[in-house]
Every structure is written in structure tokens, then in C-alpha cells.
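The structure under discussion appears below in the form of C-alpha cells.
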Amino acid sequence: GQQLNQSPQSMFIQEGEDVSMNCTSSSIFNTWLWYKQEPGEGPVLLIALYKAGELTSNGRLTAQFGITRKDSFLNISASIPSDVGIYFCAGSNNAGNMLTFGGGTRLMVKP
Amino acid sequence: GAVVSQHPSRVICKSGTSVKIECRSLDFQATTMFWYRQFPKKSLMLMATSNEGSKATYEQGVEKDKFLINHASLTLSTLTVTSAHPEDSSFYICSAPGQGSEKLFFGSGTQLSVL
């Protein structure tokens, strides 16, 4: 089946630094989604991407849908302590809204 | 975005008892809901797809008789962990697709601890 490789697995950065994480897939997805999960909570949708090459921003977050439709990246600019959490990429092929999740990137921000 | 309400947020139970977790879509209807299980520091693992008015579809390796799913209305799906054992302790999360989109919206999760 499809698998998503997400990297890095974890990051420990200084407040104010920019962050970049990415996901690659062995096969094509029609939709890429990025979620953030805080401890003890469900994932919250950050950005949804629907077209190859699409670049979308949400505040300090920017995500792109790769041209090959097999990858996506998420950038966070000028990180702040509340950015701490686990970020998950997810791919969908519209098959009943089923998502395939990456392994997650655990982000830690040092004030 | 759409709001999915899940409760309880935390439950502690004795081994052998059953626990019911509810997932509600607020202000929108969901003919399909998804149930995930998440172990500490791991990604979400799809357990089953809940279908309104019909049987749930379980992923390979998930015991149907252990994890009972009922989707009795367009806004409510329930997951019952029957005869719970300590190995069933985990974080369970439900989700529902927003109407007309591929976006999934998640509940806040239920931390189950079986003693």
C-alpha cells in the first residue's frame, strides 16, 4: 500500500528560526493535508493542497504540493514557543476521504 | 472548519469492562466517520470506517468483536471497546470529512487507560 515518509522525525530549534519539514510518497496523491497535534488533543488541520505545484500560506505557515504529486513540504517562519507539537502530513486519493499519514515531525522550540 | 466533538476525553476502567466513546459532527452531517488509534509518539493508525446505516469497515488486524462501531445517525458514531484489557490502553481519535471536501476534521481524542 501507499506509504508516506516524513522527515525529520524531530526538530529542536531556537525561537525565531525557520522550520522546514517534508513528506514523500511512493505513489501519487490528489490531495495533501498538513495537521498539527498537541499533547492529548486530536490533529488540527493547518493547510490543504489540491493541485500539483500549489503553494498555500496560512499565517507563518507555507506548504507546497509537489509537481510530481508525490511530495509536499511545510515551512514555518519565525517560530514561536506555541508552535511546539507534532506535525503530520497526510495524503488522500479521494477514496472515501481515507487519509494516509506520515510518521510525524515533533517540533520543539526553545524560547 | 467543521467541528467534531468526541467524549469522553479521558477514561480509566478496570480490565474486563466495556467503554463507549462517542463522536459527533456538529452543524454538519457525516455519512462516514473514521476511527483511529494512536500509540505514544506514533502516527495515527486507521482502525475502521464507520458508515451510517450499515456495517463498519474494519482494517486488517482490527478485531470487529473487540471494537464495536455503531453509526446510528448522520451526526453520531460510537466506538465500544468490549472487555477491555491493558493492551487496549491507547489514544483513540475519531474524524469526519467536511461536506463536499477531502478535508478530515478530528475529534479531540480519548485517552483510554485499562487497569
Side-chain angles (χ1 to χ4, degrees), chain A residues 1-11 21 23 25 28-51 54 56 58 63 65 69 72 84-108, chain B residues 1-11 21 23-25 28 30-52 54 56-61 90-113:
Chain A
Q2 293 175 316
Q3 293 187 359
L4 287 185
N5 296 309
Q6 185 171 349
S7 64
Q9 290 186 351
S10 63
M11 304 180 72
M21 59 192 79
C23 273
S25 170
I28 291 171
F29 284 109
N30 294 327
T31 302
W32 283 92
L33 305 169
W34 284 92
Y35 289 87
K36 178 187 178 185
Q37 185 180 27
E38 298 189 14
E41 297 290 332
V44 174
L45 182 64
L46 299 174
I47 292 179
L49 303 160
Y50 300 105
K51 290 167 52 177
E54 179 181 355
T56 299
N58 178 6
F65 192 146
R69 294 164 62 192
S72 177
V84 165
I86 304 176
Y87 292 79
F88 289 102
C89 63
S92 169
N93 275 328
N94 307 330
N97 297 107
M98 291 182 66
L99 296 183
T100 300
F101 281 88
T105 296
R106 181 180 297 271
L107 177 63
M108 293 158 280
Chain B
V3 177
V4 175
S5 175
Q6 182 177 344
H7 73 90
S9 59
R10 181 177 294 273
V11 58
I21 303 169
C23 182
R24 295 180 185 274
S25 57
F28 72 103
T31 56
T32 302
M33 291 187 180
F34 300 94
W35 287 95
Y36 292 84
R37 184 173 181 175
Q38 186 178 32
F39 291 102
K41 300 185 179 181
K42 297 294 184 183
S43 189
L44 287 79
M45 182 181 72
L46 180 65
M47 297 175 65
T49 302
S50 173
N51 304 300
E52 189 269 334
S54 64
T57 305
Y58 289 82
E59 296 300 301
Q60 191 174 7
S90 191
F91 193 59
Y92 294 87
I93 315 174
C94 69
S95 69
Q99 284 183 312
S101 78
E102 291 75 39
K103 299 176 185 177
L104 272 189
F105 297 94
F106 287 83
S108 55
T110 298
Q111 182 64 53
L112 171 63
S113 299

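Protein chains get the first letters and strands the later ones, always in sequence-line order, with residue 1 at the start of each. Just so you know, these numbers use all the heavy atoms, side chains as well, and skip hydrogens, waters and symmetry mates.
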Looking at every heavy atom in both Lys42(B) and Phe88(A), which two are closest together, and how far apart are they?
O-CZ, 4.0 Å

Among Pro39(A), Gly104(A), Gly40(A), which has the most heavy-atom pairs under 4.5 Å with chain B?
Gly40(A)

Under 4.5 Å between any side-chain heavy atoms of Leu104(B) and Pro43(A), yes or no?
no

May I ask you to decide if Gly102(A)'s main-chain N or O and Ser43(B)'s side chain share a donor-acceptor pair within less than 3.5 Å?
yes

Residue, of Arg106(A), Glu38(A), Gln9(A), Gln6(A), that accumulates the most heavy atom pairs under 4.5 Å with chain B:
Arg106(A)

Between CD1 on residue Ile47(A) and NZ on residue Lys103(B), distance to nearest 0.5 Å:
10.5 Å

Taking side chain as everything from C-beta outward and backbone as N, CA, C, O, which of these in Gln37(A) sits under 4.5 Å from a heavy atom of chain B? Side chain, backbone, both or neither.
side chain

Counting heavy-atom pairs under 4.5 Å with chain A, the top scorer among Lys41(B), Gln6(B), Gln111(B), Arg10(B) is Lys41(B)

Chain B contact via Ile86(A) - which portion, at a heavy-atom distance below 4.5 Å:
neither

If you round to the nearest 0.5 Å, how far is CG of Leu99(A) from OH of Tyr36(B)?
5.0 Å

Choice from Ser108(B), Cys94(B), Gly109(B), Gly107(B) maximising heavy atom contacts with chain A below 4.5 Å
Ser108(B)

